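Whatever order the structure lists them in is the order used to number ligands and atoms, beginning at 1. Owing to the predicted nature of the structure, the values given are computational and were not obtained by experimental measurement.
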Amino acid sequence: MTERLKTITPAQGWRPDSWQQKLAGQQATYDDENELRGALARLAGMPPLVTSWEILALKKQIAEAQAGKRFFLQGGDCAEVFGECQSSIIANRLKVLLQMSLILLHGLEMPVLRVGRFAGQYAKPRSSDLETRDGVSLPSYRGDLVNSPDFTEAARRPDPARLLQAHACSAMTMNFVRALVDGGFADLHHPEYWDLGWVEHSPLAAEFHRISDSIGQSVRFVETITGQKPGSLKRVDFFTSHEALHLHYEQALTRQVPRQWGWFNLATHFPWIGMRTAEMDGAHVEMFRGIRNPMGIKVGPGMSASWLKDLIRTLNPDNEPGRLVLIHRMGAGKVGDHLPGLIEAAKSTGSPVLWICDPMHGNTEKAANGYKTRRFANIQAELEQAFDIHAACGSRLGGVHLELTGENVTECVGGARELNEEDLATCYKTTVDPRLNYEQALEMAMLVVRKHRSLA
Ligand code: PEP
Ligand code: CO
């Protein structure tokens with residue numbers, strides 16, 4: 001029987017530039033309008049970074065996750081930087097995401113949908129337009145898409161040429177990820193290819209190798225009894241995501257394509273709206289309502305039930321499956337108070353949604369020595385509570401959103417190696433928020449499995 005096609009109505013009164021009639025928070029202020037126009041005109045003629053059919057394939061997989069048939073893993077840097085558009089950094093980030101997905105696939109016994117925070121995560125919201133040091137005020141660093149983190153006037157000037165550089169770095173990252181994935185880098189016959197150099201010294205090495213050996217054996221077993229080598233085991237799907245914050249950049253890559261109706265944001269498969277730009281009458285909601293991509297909405301402790309319902313109705317008026325992912329980020333101390341009401345609010349709209357937990361952004365704090373950090377124990381606590389709260393509300397936590405890197409950084413305290421505040425200085429590299437390092441990320445995946453199993 002053919003499934004009845006549900007009509008999706010194109011957004012009324014929407015144009016790729018209709019957001020410009022609204023108030024846009026968190027935008028850069030450029031000092032030369034002509035220079036900006038010139039860069040945007042070039043960007044608008046550049047090739048897209050992703051395709052509409054990939055976007056629609058992702059939407060279908062998110063619909064499956066909404067139906068409880070897939071687990072959503074989203075992770076990567078808080079802020080990508082141009083200087084780290086390097087082969088080893090990209091490959092290591094891919095490896096840690098693949099290893100985490102293997103742990104989840106094995107432990108949850110369901111396919112994992114992998115979405116990287118990469119190939120475009122270059123714009124950051126900031127709490128203030130200006131940063132003041134020793135009486136000197138300069139524009140805040142807003143991500144490499146806009147300016148540079150050094151505290152000098154030249155570095156902090158929003159530079160339109162960076163829009164083109166961000167596109168180029170995103171394209172190079174995408175190109176390398178696609179080549180690795182298509183070339184068998186993610187081959188399930190050889191999970192050992194993904195090992196990072198220092199995994200063998202990790203307290204988690206034995207557990208990880210037990211999982212990867214067991215998968216290798218299962219793959220060989222299936223091939224032996226079926227006499228076939230399923231091609232699908234050699235490659236996996238990888239999707240990209242970023243916060244679609246800088247609306248001129250997003251507009252330049254929002255396009256129509258042949259043989260599809262409507263508009264697609266071809267800068268990424270999965271854009272999300274950050275917590276600070278989700279106002280109902282703001283420019284970001286206007287921009288998002290007209291694109292056909294699936295999308296994330298960050299849901300923080302400041303969001304009311306009625307606000308969330310309005311967002312869902314505006315962004316998914318036809319209750320289309322696979323369109324909305326709600327990413328809650330409350331903080332370990334607040335999730336218990338805030339989440340249940342929001343789960344009920346989302347249910348009452350009738351829209352399918354996928355709830356995932358970002359246990360990072362509500363748990364940021366300043367260490368005594370001044371470093372911005374997050375405690376592994378708080379991240380774990382928020383995530384574990386989220387599983388319980390969803391279960392108690394008759395809902396389901398369908399994924400996680402983590403800030404992580406494949407490098408051996410020391411930015412979050414705690415974890416199997418019990419990093420403490422003194423250790424933070426050893427290798428603190430992030431330009432914005434502290435990330436889980438490779439080992440902490442793998443441990444988090446193992447904890448998700450343990451928690452999920454305890455509920456099953
Ligand atoms: C982020 O994901 O890096 C971010 C800024 O998140 P939020 O909007 O949830 O604060
Ligand atoms: Co962040």
I need the single residue from Asp144, Val81, Val432 that forms a side chain to side chain contact (heavy atoms under 4.5 Å, CB included) with Pro149. Which is it?
Asp144
Return all side-chain donor-acceptor pairs below 3.5 angstrom for residues 419-429, not counting sequence neighbours, or 'none' if the list is empty.
residue	atom	partner	partner atom	Å
Asn420	OD1	Glu422	N	3.1
Asn420	OD1	Asp423	N	3.1
Glu421	OE1	Ala368	N	3.1
Glu421	OE2	Arg375	NH2	3.4
Asp423	OD2	Asn420	N	2.8
Thr426	OG1	Asp423	O	2.7
Tyr428	OH	Lys372	O	2.5

Glu407 and Asn92 side chains, donor-acceptor separation under 3.5 Å:
yes
Relative to each other, are the rings of Trp355 and His390 parallel, tilted or perpendicular (30° and 60° limits)?
tilted
Which residue is it: Glu250, Arg292, Arg255, Gln251? I am looking for the one with a side chain to side chain donor-acceptor pair (under 3.5 Å) to Asn265.
Glu250
I'd like to verify the contacts: list protein N, O or S atoms under a distance of 2.8 Å from the Co ion (ligand 2).
Cys78 SG, His361 NE2, Glu403 OE2, Asp433 OD2
Cationic N near anionic O, under 4.0 Å, Glu131 to Arg142
no
Kindly state whether the ring of Tyr249 and the ring of Tyr122 have centres lying under 6.0 angstrom apart.
no
Which N or O atoms of ligand 1 sit under 3.5 Å from a protein N or O, and how far apart is each pair?
residue	atom	partner	partner atom	Å
ligand 1	2 (O)	Arg117	NH1	2.9
ligand 1	2 (O)	Arg117	NH2	3.4
ligand 1	2 (O)	Lys298	NZ	2.8
ligand 1	2 (O)	His361	NE2	3.4
ligand 1	3 (O)	Arg117	NH2	2.9
ligand 1	3 (O)	Lys124	NZ	2.8
ligand 1	3 (O)	His361	NE2	2.9
ligand 1	3 (O)	Glu403	OE2	3.1
ligand 1	6 (O)	Lys298	NZ	2.9
ligand 1	8 (O)	Met275	N	2.9
ligand 1	9 (O)	Lys298	NZ	2.9
ligand 1	9 (O)	Arg329	NE	2.6
ligand 1	10 (O)	Arg329	NH2	3.0

How far apart are the closest heavy atoms of Phe151 and Thr132, and which atoms are they?
CZ-C, 4.5 Å
Which residues pass the side-chain hydrogen bond (donor to acceptor under 3.5 Å, both in side chains) test with Gln66, sequence neighbours left out?
none
